[in-house]
Structure formats: structure tokens, C-alpha cells
Protein chains: 4
Amino acid sequence: MNRDSEISPEATDRRSRKREEKRQTIIAAAERIFHEKDLSHISMEEIAREADVAAGTLYNYFPGKEALFLEVFVNKLTPLFDEALAEWESDAPFKEKLRLVVNLHMSFIHSHKGFYEFLMTLGQPDFTAPGPFTGLVELCEGYLTRQTRAFERAQESGEISNTLSPKFLARALRSLCWGMATEAVNRRKTQDLDSEVEPILELFWKGIAQ
Amino acid sequence: MNRDSEISPEATDRRSRKREEKRQTIIAAAERIFHEKDLSHISMEEIAREADVAAGTLYNYFPGKEALFLEVFVNKLTPLFDEALAEWESDAPFKEKLRLVVNLHMSFIHSHKGFYEFLMTLGQPDFTAPGPFTGLVELCEGYLTRQTRAFERAQESGEISNTLSPKFLARALRSLCWGMATEAVNRRKTQDLDSEVEPILELFWKGIAQ
Amino acid sequence: MNRDSEISPEATDRRSRKREEKRQTIIAAAERIFHEKDLSHISMEEIAREADVAAGTLYNYFPGKEALFLEVFVNKLTPLFDEALAEWESDAPFKEKLRLVVNLHMSFIHSHKGFYEFLMTLGQPDFTAPGPFTGLVELCEGYLTRQTRAFERAQESGEISNTLSPKFLARALRSLCWGMATEAVNRRKTQDLDSEVEPILELFWKGIAQ
Amino acid sequence: MNRDSEISPEATDRRSRKREEKRQTIIAAAERIFHEKDLSHISMEEIAREADVAAGTLYNYFPGKEALFLEVFVNKLTPLFDEALAEWESDAPFKEKLRLVVNLHMSFIHSHKGFYEFLMTLGQPDFTAPGPFTGLVELCEGYLTRQTRAFERAQESGEISNTLSPKFLARALRSLCWGMATEAVNRRKTQDLDSEVEPILELFWKGIAQ
DNA sequence: GATGAATGAGCTTTCATTCAT
DNA sequence: GATGAATGAAAGCTCATTCAT
């Protein structure tokens with residue numbers, strides 16, 4: 001009853017809106033830098049400079065470096081995964097869904113290459129041991145699981161061959177997308193990313209077609 | 001009569017043999033540690049301890065940390081690539097060569113997971129810009145190029161479909177192998193690595209078969 | 001007619017009463033925390049949280065951390081010293097007064113151990129040099145002086161031996177109480193604190209008895 | 001066989017002698033500063049400056065700040081305790097031993113005031129919980145235990161009254177010495193420290209004499 | 001050549017204090 | 001008056017690299 005007695009609800013609202021905006025400013029700054037560098041080469045000082053705040057300010061918003069990046073990852077990956085899953089669970093023909101999902105991932109990687117590099121390391125002992133990035137590992141696993149179910153259903157309905165396990169297919173698709181996109185991005189041929197989609201689709205589709 | 005006049009050739013030899021031995025001792029030590037940890041978490045002190053030399057000694061053999069690891073990578077990758085290329089250039093049926101190469105890569109990854117994780121980061125600006133690991137990037141590119149030629153020849157001879165570019169195929173194969181092996185290693189199901197080879201082969205082969 | 005003309009005395013009163021209440025709320029919060037931790041491990045943020053106000057508010061009531069704690073100490077010590085002095089200045093037999101005062105101090109220490117620990121550091125250069133805690137040093141000195149006079153009077157009236165200087169006796173008594181209480185509290189034998197009173201009294205009394 | 005092969009034993013010796021000297025230089029520097037300030041106000045940087053080395057160098061000799069100070073304390077306290085125990089275990093008349101030990105402690109405090117202040121805080125939860133200073137706590141306890149036995153023997157032989165428990169006496173003596181010495185030092189009347197010995201002795205002796 | 005002590009820039013993090021709202 | 005976000009100067013600590021021996 002004490003501390004709120006003199007503050008109008010609107011003021012509180014505006015403040016928390018501003019706060020949320022700044023959180024996003026910081027996350028965006030971290031993301032921009034992450035785009036260019038390895039996690040271990042990014043300093044909090046650098047993020048602060050990019051976000052145009054003092055170093056100490058970061059700690060008003062995130063308990064530490066790892067927590068900050070966890071949010072960066074989760075914030076970016078969640079909408080991607082949601083969109084992809086909506087696709088998988090639609091009624092379109094399987095090949096169509098495949099094309100759309102590959103497109104989705106490729107263009108995401110196009111603009112978020114650093115994420116995928118980092119995600120490749122999530123299996124390292126440091127991370128699989130319960131730790132700061134456990135939440136992220138789980139997020140990715142969850143997505144993979146639901147993707148696996150999409151392959152399962154397609155096999156059951158006879159849309160694709162059931163020679164290979166659905167789990168293998170989900171992983172293989174992921175590997176192909178990541179690998180190809182990474183290569184393209186690394187070589188700075190990002191304009192060609194779209195042109196990579198059809199070959200992947202063709203290779204993969206021929207590989208699984210009934 | 002010149003400044004070398006007092007050193008016998010044999011002594012020089014023995015000295016340089018000893019020197020080379022110590023170089024290898026250090027490289028081997030670095031490799032053992034790299035097997036367990038991220039590059040940025042390995043300290044020169046730690047390598048020195050593992051190699052049973054003083055920290056300063058490392059700098060008599062390598063100009064710095066990055067140069068040391070460059071050698072580690074090159075030393076391990078060269079024999080792998082050589083063996084794989086010998087395979088590609090043999091006269092066996094293409095599908096057979098494919099199986100062998102996939103096997104080769106998967107089992108290498110099995111015992112050198114850290115290498116692949118590191119290699120995934122080589123495309124980052126830090127590295128593609130001329131830098132300490134340029135040599136490594138070139139080594140990998142060279143391998144990829146020669147692998148590409150193997151696909152080219154197989155298309156020319158009609159052994160495989162020529163719908164997809166050989167360069168795409170070389171990269172797609174690499175992505176599949178790395179992606180699948182990494183997953184397997186991450187999940188600690190290393191004993192199952194062999195069982196991954198056949199699915200990859202099947203998916204890929206169906207995708208490219210004439 | 002002057003600038004206060006629009007504020008009724010009662011309103012002013014109520015305001016200053018409220019202000020004083022909040023001051024006390026803050027002091028009480030700081031005291032509760034001080035009970036558990038070293039001064040240098042207590043943050044203003046923590047005090048604010050405990051007092052259920054914002055961090056900035058503390059600075060409307062106290063110029064800074066040290067000033068805040070100065071008040072904490074003075075507020076707690078003043079009643080203790082007042083009670084002890086009332087005792088010393090009573091007409092009871094000296095040994096009885098001694099017992100009561102020892103009891104008073106021991107039980108105070110029992111529930112305010114942190115205070116005494118802190119007081120032990122007041123002699124450090126940081127503090128004896130005129131500084132934020134000068135007021136506290138003076139308060140303690142004042143108490144000691146009046147306690148010294150109690151010993152003086154007892155010597156003059158022949159109640160105790162006058163071999164030792166009254167100033168020495170006052171300090172020795174304080175040392176004994178603090179030392180023994182601290183030990184007891186440190187050892188978590190706080191339930192035994194009462195049983196420490198009699199030995200102290202006996203040792204001290206035999207030491208000064210006529 | 002590798003790393004030592006080229007280094008003569010003398011060189012090794014000289015090096016470790018130098019190392020030990022520097023250790024002592026650092027400990028001495030830390031001690032000088034500790035003499036003036038509270039532990040929590042001393043920074044590693046400051047110690048390094050006083051010892052005329054770089055900040056990082058400190059960490060070549062001690063794993064951290066606490067470990068450094070632990071050594072400071074143990075190094076200074078051990079000889080004091082040894083000397084005092086030799087005294088206690090001698091055959092001199094008890095009163096004589098008492099005088100010597102009081103003298104010993106008082107003059108030690110005279111030149112190491114900071115130590116005693118710190119020691120007073122050793123009972124705090126932070127420290128009694130197993131932690132960096134556990135070793136120090138044990139050292140002090142060990143001394144107190146042996147001092148307690150000295151009182152015990154004196155009671156058994158009838159040299160002193162056995163009304164009070166020997167443990168109480170050991171603690172009371174310590175409290176008196178510390179308290180009185182601290183006061184004297186705080187007031188900068190260090191020249192008068194010697195004159196404090198006799199009053200303590202008189203008070204304490206009358207208190208325990210048979 | 002080998003050694004390992006010394007360096008110092010860099011890191012992440014904490015926190016008393018200020019100040020716009 | 002109250003708020004809490006922002007500040008920035010520390011702090012403790014790590015480590016690649018240098019260099020006298």
C-alpha cells in the first residue's frame with residue numbers, strides 16, 4: 001500500500017512499456033553483434049556500446065551474459081518454429097509443405113546465420129549438462145519432435161516412402177537445410193539462397209518419394 | 001669455414017628430428033584437450049601442462065595459439081581427406097564409393113567431434129577474412145573441389161542423374177554426414193553411428209540415382 | 001501571506017509525522033539485514049526491498065549508506081546506554097549494579113551481535129579520522145566516560161579497591177563482556193549466554209573487591 | 001625426463017628461492033595494507049602496487065584474495081602461538097607465565113592490530129561455515145585449547161583457584177588482552193601499551209588466585 | 001632451447017549514487 | 001516525495017604473450 005500510493009496506473013504502464021522497449025533494444029543489439037561473431041568473442045561492453053547504454057545497464061535487464069543470449073535465441077527461434085509447425089500441420093500436399101518449410105528455414109538462416117552456428121554447438125558437454133542453455137536445447141528438441149510426427153503421418157497416409165525412420169528424415173532435412181544455408185552464407189552468396197531451395201527439395205523428395 | 005662449419009650434418013639431423021618430435025608431442029597434447037573443450041576455453045598453460053613442457057616453450061614451436069591449432073587441424077584433416085580422395089578416384093561403382101566415403105567421414109567425426117564443430121565456424125567473418133585459419137579454409141575447399149569433380153565424372157559417365165549440379169551434391173553430402181554425425185554424437189549414441197550410414201546412403205542414393 | 005500561508009499546521013504535522021515513520025521503517029529494515037550480514041555485503045537495493053520502497057527513496061531520507069547506518073547504530077545503542085547508565089547511577093550495592101549491567105550488555109549482544117562486531121572496527125584509521133561514524137565513536141566514548149565515573153565513585157566510597165584506575169576498570173569490564181559474549185554467540189551457544197554472566201561477575205568482582 | 005633435462009639443480013634452487021622471496025614480498029605488502037584497512041576495502045590492485053608487481057602476478061602466487069590473506073594470517077599467528085605455548089608449558093610460577101604471555105600478546109597486537117580486528121569476525125556465519133578461513137579458525141581454536149590445558153594444570157596443582165572453568169579463564173584472558181590492546185591502539189596511545197600489562201595481570205590474578 | 005615468472009589488457013559483474021519522470 | 005532506470009567506476013580474476021635466466 002506504501003510504494004504504489006502515489007503513482008498513477010498510466011505512469012506505471014508507460015514505464016513498463018519503456019522498459020520492455022529497452023529490453024528489446026538490448027536484445028536487438030546483441031543479436032546484431034552475434035550475427036558477426038562467436039559468442040565467446042562478444043563482450044558485454046560491446047553489446048552495451050551497440051545498444052547505446054552503459055555496461056551496468058545490461059544487468060538491470062538480464063542477470064548475466066548467458067541469460068541475455070538465451071533470450072536472444074528463444075525470441076528469434078520461437079516465431080520461426082511456430083510458423084514452420086503451422087505449415088507442417090496444414091492439409092497441403094506433403095511436397096508443398098516441404099517446399100515451404102525449406103524456404104522458411106533457408107530464409108531465416110539467411111538473416112540469422114549466427115544462430116545456426118551456435119545451435120550446432122548446443123550438443124557439447126557444456127550445454128547438454130543442465131545449464132544456462134537447457135531451455136534452448138529443449139525448445140529445439142520440441143520442434144524436432146513435432147516435425148518428426150509430420151513425417152510419421154505422411155508415411156502412414158502413404159504420401160512418402162516408409163523405408164526410412166521419420167526421426168531420421170526430420171534430422172536429415174534439418175542437416176541439409178543448415179548445411180546448405182551455412183555454406184551459402186559463408187561464401188557471401190546470400191543472393192543465391194533461394195536458388196538453393198529447389199535442389200534440396202528435389203534431392204530430398206526423390207529420396208523419400210513413394 | 002662458414003658459420004655452420006662446426007656442426008656435423010648428423011647432429012643437425014638429430015636435432016631437427018628431436019625438434020619435430022616435440023612439435024608433434026605438443027600438437028598431440030593440444031588435440032587431446034580439444035577433444036574435450038571449446039577452443040576458447042583451452043589455455044596455453046593447459047596445453048603446456050598436458051605436453052609436459054613450460055608455457056614459454058610452446059612459443060618456440062608455434063607463433064601463437066591460433067597457429068598451433070591450425071596445425072592441429074591440418075594434421076588431422078589431411079590424412080582423412082587423402083584417404084577419401086583416393087576412394088573417390090578409384091574405379092569402384094559409384095554407390096560403393098559413396099558408402100565408403102560416408103563411412104570414413106562418420107567414423108572420423110565419431111572420434112573427432114570437436115573438429116567438425118570448429119569447422120562449422122570457419123565461415124564466420126573472422127575467419128574468411130584472411131586470417132589465422134585461412135589455410136584451413138583452403139584445405140577444406142580443395143577437398144570439396146575434388147569431391148565435386150568425382151560427382152561430375154559420375155554424371156558424365158551416366159552413373160548418376162545429372163539433374164543437380166555436382167557442386168550442390170558435394171555440399172549436400174557433406175551437410176548430411178556432418179549433421180547426422182553431430183546429432184548422433186551429441187546424443188551420446190555413438191555406438192549407433194554405423195547404423196546411420198545406411199539411411200544416409202539410401203536417402204542420398206535414391207535422390208541421385210539415374 | 002508568506003510562502004507557507006496555504007499549508008495548515010496540522011497538515012505540516014501530519015506530513016512530518018509520516019516522514020518520521022518512514023525513516024523508522026527504513027532504519028528498521030537496515031537493522032534487520034545488518035543482523036545477518038557484514039556492512040560491506042549489504043546493498044542499498046537490498047535495504048530498499050526490505051523496507052518496501054524504491055532505492056532512490058532512501059536518498060530522500062539519508063544522504064548515503066554510511067549516514068543511514070550511523071542512525072541505525074545510534075538508535076539501537078542509545079537506549080542500551082541510557083538503561084545502563086540509569087543502573088550505574090542508582091543506589092544499589094555496587095556488585096548488584098555490576099551484575100545488572102553485565103546482564104544488560106550480554107543480552108543486548110545476544111540479539112545484536114553484528115553491532116558489536118562493527119563497533120570493534122570503529123577504531124580503525126578510516127573511522128577515528130573525522131568521518132561518517134565520528135558521531136558513533138563519540139557516543140561510545142561518552143558512555144565509557146560516565147561508566148568510568150561510576151567506578152570512581154565506588155572507589156571513593158570504599159566499595160571497591162582503588163588499586164586499578166577507574167578508566168582501566170571500565171574498559172576491562174567492556175572487554176570482558178564483549179569478548180565473552182562474542183565467543184558465545186560465535187559458537188552458537190546462545191542459550192548459554194546467561195550462564196556466562198556469573199563467571200564474569202565472579203572473576204571481575206574478586207579482582208576489584210576491597 | 002623431458003622438462004628437467006636441461007636445467008641444473010642449482011638454477012632450479014635459485015629460482016625457487018626467488019619465488020619464495022617474492023611470495024614473502026607479497027605477503028608483507030598485503031600485511032602492511034591490512035594494518036591500515038578493513039579486508040573488504042583492500043583491493044588486489046592495491047596490494048600489487050604496494051608489492052611493486054602487476055595485478056596478475058598475485059595470481060601466480062595465490063589462487064585468490066582470500067587465500068592470500070589466509071597465508072598472511074597464518075604466517076603471523078603461528079610464531080606468536082608457538083612462543084606463547086612454549087611459555088605456558090614451562091615450569092615457571094603461574095603468575096610469571098601469565099605476565100609473559102600477556103606481554104607477548106599485547107606487544108603483538110601493538111604491531112599487528114589489524115589481525116585482531118579480523119580475528120574477532122571469524123565467528124561470523126560467513127567464516128564458521130566451512131570456507132576459505134576454516135584453517136585459521138582451527139589454528140586459533142587449537143591455541144585456545146592448549147591454553148585451556150595450562151589453566152587446568154594450574155588448578156590441579158593448586159596454583160590457582162578452581163572456582164571458574166579453565167575454558168572460561170582462557171577465553172576471559174584472551175578477551176581482556178584483545179579488548180585492552182585494541183582500545184590502546186585505537187587511541188594511538190601505543191606507547192602506553194606496556195603500562196597496560198600490569199593492571200590486566202593484577203585484575204586477572206586477584207580474580208583467580210587461590 | 002627451455003623455463004616459468006611477469007605482464008597488462010581484457011573479461012564479467014556489482015553497486016552507491018543520480019536524476020528524469 | 002517516490003520511483004526505478006541509468007550510470008560508471010570499481011572489483012576479482014584469466015590468460016596469451018614476452019623475456020631474463
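For the numbers below, each heavy atom of this structure counts, side chains included, while hydrogens, waters and symmetry mates do not. Throughout, protein chains are lettered first and strands after them, A, B, ... in sequence-line order, and every chain is numbered starting at 1.
Rounded to an integer number of Å, the gap from OH of D:Tyr59 to C1' of E:dA9 is 15 Å. Here E:dG4 presents its P atom at 16 Å from CZ of D:Arg17, a figure rounded to the nearest Å. Distance A:Met44 CE to E:dT13 C1': 8 Å, rounded to the nearest Å. Rounded to whole Å, atom P of F:dG4 lies 18 Å from atom CD of A:Glu21. At whole-Å resolution of the value, CZ in A:Arg19 and P in F:dA6 are 7 Å apart. E:dT21 atom C1' lies 15 Å from atom CG of A:Asp13, rounded to whole Å. Summarising the geometry, the separation between CD1 on A:Ile26 and P on F:dA5 is reported as 11 Å, rounded to the nearest angstrom. The separation between D:Arg15 atom CZ and F:dA20 atom P is 13 Å, rounded to whole Å.
In this structure, D:Lys18 reaches neither bases nor backbone, as no heavy-atom distance under 4.0 Å exists between it and the strands shown. Within 4.0 Å (heavy atoms only), B:Tyr61 reaches sugar-phosphate atoms of the nucleic acid but no base atom. C:Ser43 comes within contact range of the sugar-phosphate backbone alone, with a heavy-atom separation under 4.0 Å but no base atom that close. Within 4.0 Å (heavy atoms only), C:Leu58 reaches no atom of the nucleic acid at all. Residue B:Leu68 is classed as having no contact, given no heavy-atom separation below 4.0 Å to the nucleic acid.
Of the residues listed (C:Leu70, C:Val74, C:Leu68), the one engaging C:Val72 in a side chain to side chain contact (heavy atoms under 4.5 Å, CB included) is C:Leu68, and it is the only one.
Within residues 45-53 of chain D, the residues that place at least one heavy atom under 4.0 Å from DNA chain E are, in residue-number order, D:Val53.
Remark on the helix from E:dA2-F:dT21 to E:dT21-F:dA2: inter-end axis angle 10°, axes from five-pair C1' superpositions, rounded to 10°.
Classification of the C:Phe34-C:Phe69 ring pair by plane angle, with boundaries at 30° and 60°, yields tilted.
Among all heavy-atom pairs drawn from C:His41 and C:Glu46, the shortest one is O-OE1, 3.8 Å. Between D:Arg23 and D:Tyr61, the closest heavy-atom pair is NH1-O, 3.2 Å. Annotation for B:Glu45 and B:Ala55: closest pair OE1-CB, 3.7 Å, computed over non-hydrogen atoms. Listed here is the closest heavy atom pair of C:Gln24 and C:Asn75: OE1-ND2, 3.4 Å.
Taking a 6.0 Å sphere around CG of B:Asp13, one finds it holds more than 12 heavy atoms contributed by other residues, nucleotides or ligands. Within a 6.0 Å radius of CZ in C:Arg14, other residues, nucleotides and ligands contribute 12 heavy atoms or fewer.
Using a 4.0 Å cut-off between charged nitrogen and carboxylate oxygen, C:Glu20 and C:Arg17 do not count as a salt-bridge pair.
By the side chain to side chain donor-acceptor pair (under 3.5 Å) test, B:Ser40 pairs with A:Ser40, sequence neighbours left out.
Projected onto DNA chain E by closest heavy-atom contact, B:Asn60 and C:Thr57 fall at different nucleotides, the more 5' of which corresponds to B:Asn60. Summary of the strand contacts: B:Gly64 and A:Ala54 both lie near DNA chain F, and taking for each the nucleotide with the nearest heavy atom, the more 5' one is attributed to A:Ala54. Mapped onto DNA chain F by nearest heavy atom, B:Pro63 and D:Gly56 fall at different nucleotides, with D:Gly56 at the one closer to the 5' end.
Between A:Arg14 and E:dT21, a side-chain N or O to OP1/OP2 separation shorter than 4.0 Å is absent.
Of the candidate nucleotides E:dA2, F:dG1, F:dA16, E:dA2 has the atom lying nearest to any side-chain atom of B:Lys22.
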